Enquirer: 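Structure provided below as structure tokens; questions to follow.
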Amino acid sequence: MSSAAAIALLALALSAQAEFSAQEKARLLAHGPWPPAPQRDATNRVSGKPAAIALGERLFYEPRLSGTGSLLCASCHEPFRHFQDARPRAFGLAETERNTPSLLNVALYRRYGWDGAHDSLWSQSIRPLLEPREMRATPAQVAALIRTHYPVDYQRAFGASVPADDEQVLGDVGKALAAFQETLLSGRTPFDEFRDALEHGDALAAARYPPAAQRGAALFVGKALCSGCHAGPHFTKSENHGGFRVPGLRNVALTAPYMHDGSLATLEDVMRRHGGAQLSSRERDELVAFLRSLTETLQLQ
Ligand code: HEC
Ligand code: HEC
């Protein structure tokens, strides 16, 4: 290609780009950088500790943690399905009324569960163990499993032998599970490349981001007011609205169906029923293009 043709193509690519106001640009930059700096949970004494992460990972795949010996965390939070189950509502030992959320980036929330009822990842991790429709275990059973099968792993993770108090062991199982889940972060996305290109004033790199996604991004931080709730690098303020905690949106295109009860099958449905009422159908499509650009690049290949 001649350099004149290359320059003409570049000019064309740049003119197809959405124009962002200084305010929109600042808001887009606030959705990064990604990945975030590692954070420790001050309420979990083994947060970030390699031996606890290793124990938590083993327990995540341990069916004997359930009352029937047949269910594991990964039965619903399936690693090859982005740590969810693709069902509208979770089914453990019985059906529940809630959709299984992905566990990717779960460390970045401050409240847990669809209704934000738990304020730590480790307390949220105990809930499914005791819930009769999920794993139906008891503190005594969980503690006995650790004493019999994991005494060495426990010692390494917590620096002490397994305590006599069953409730304390249950809490520590939650803490090891949480330490493992804190390591589950999603990868970089086309949006992250675009966001960093905006930050560095690299118009050529920014132009690689599809025009529909660019217009969707402008809507997301502007007229459609999405970023008022879906804020920051994880696309959530982690606060409740209308009774539910605002969910993060990274990899959201991979985790259908949607909402607390799994009632909406596609992102198009979500845009018709949630937040997009004042928008044209073209604008809703642009928002969907933007949401799809929050998918980690490895999963797009
Ligand atoms: C029967 C399916 C099922 C099993 C088994 C299960 N979960 Fe869940 N998980 C769910 C559902 C459903 C929710 C949403 C619960 C709610 O909001 O009330 C959830 C929510 C969570 C959350 C909160 C995520 C967020 O975005 O706030 C965490 C953390 C979690 N589970 C971890 C675990 C761990 C650890 C285990 C194993 C000890 C486990 N889960 C076992 C279905 C399951
Ligand atoms: C007032 C706060 C608020 C605003 C504004 C908002 N959302 Fe949400 N969003 C939520 C809450 C809360 C939920 C979960 C609701 C539920 O489960 O019933 C949610 C759920 C979603 C989901 C489904 C996520 C999942 O994993 O199931 C998507 C996608 C979404 N929002 C995108 C958007 C977009 C795009 C906009 C702008 C058009 C927007 N939201 C505006 C609070 C908000």
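Counting starts at 1 for both ligands and their atoms, in listed order. Here the structure is a predicted model, which means the values were calculated and not measured.
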Enquirer: Strictly below 4.0 Å, N to O, side chains only: are E95 and R87 in salt-bridge contact?
Expert: yes
Enquirer: Just jot down the ligand 2 atoms closer than 4.0 angstrom to any heavy atom of L225, in number order.
Expert: 5 (C)
Enquirer: So do Q214 and F20 actually touch side chain to side chain, heavy atoms under 4.5 Å?
Expert: yes
Enquirer: Please state whether the separation between atom 8 (Fe) of ligand 2 and some N/O/S atom of C229 is under 2.8 Å?
Expert: no
Enquirer: Any N/O/S atom, side chain or main chain, of H274 closer to atom 8 (Fe) of ligand 2 than 2.8 Å?
Expert: yes
Enquirer: Taking the six-membered ring for Trp and the single ring otherwise, decide whether the centroids of Y258 and H274 are under 6.0 Å apart.
Expert: no
Enquirer: How would you list all residue pairs meeting salt bridge (charged side-chain N to carboxylate O under 4.0 Å, His left out) that involve residues 28-41, not counting sequence neighbours?
Expert: none
Enquirer: Any atoms of ligand 2 less than 4.0 Å from a non-hydrogen atom of G275? List them with their elements.
Expert: 38 (C)
Enquirer: When you measure from atom 8 (Fe) of ligand 2 to each N, O or S atom of H230, which atom gives the shortest distance?
Expert: NE2
Enquirer: Could you please provide the protein residues found below 4.0 Å of ligand 1 on a heavy-atom basis, arranged by chain and number?
Expert: L71, L72, C73, C76, H77, A90, F91, G92, R98, N99, T100, P101, L103, V106, Y109, Y112, G113, W114, L121, Q124, S125, R127, P128, L129, E134, M135, L177, Q181, R245
Enquirer: Taking 4.0 angstrom as the limit, do R292 and E268 come out as a salt bridge?
Expert: yes
Enquirer: Can you list every side chain to side chain donor-acceptor pair (under 3.5 Å) pair that touches residues 145-156, not counting sequence neighbours?
Expert: R58-D153, E62-Y150, R64-H149, R147-D166, Y154-D172
Enquirer: Indicate the ring-plane relationship of H31 and F220, choosing parallel, tilted or perpendicular according to the 30° and 60° boundaries.
Expert: perpendicular
Enquirer: Does anything in residues 54-77 form a ring pair (Phe, Tyr, Trp, His ring centres under 6.0 Å)? List the pairs, not counting sequence neighbours.
Expert: F60-F180
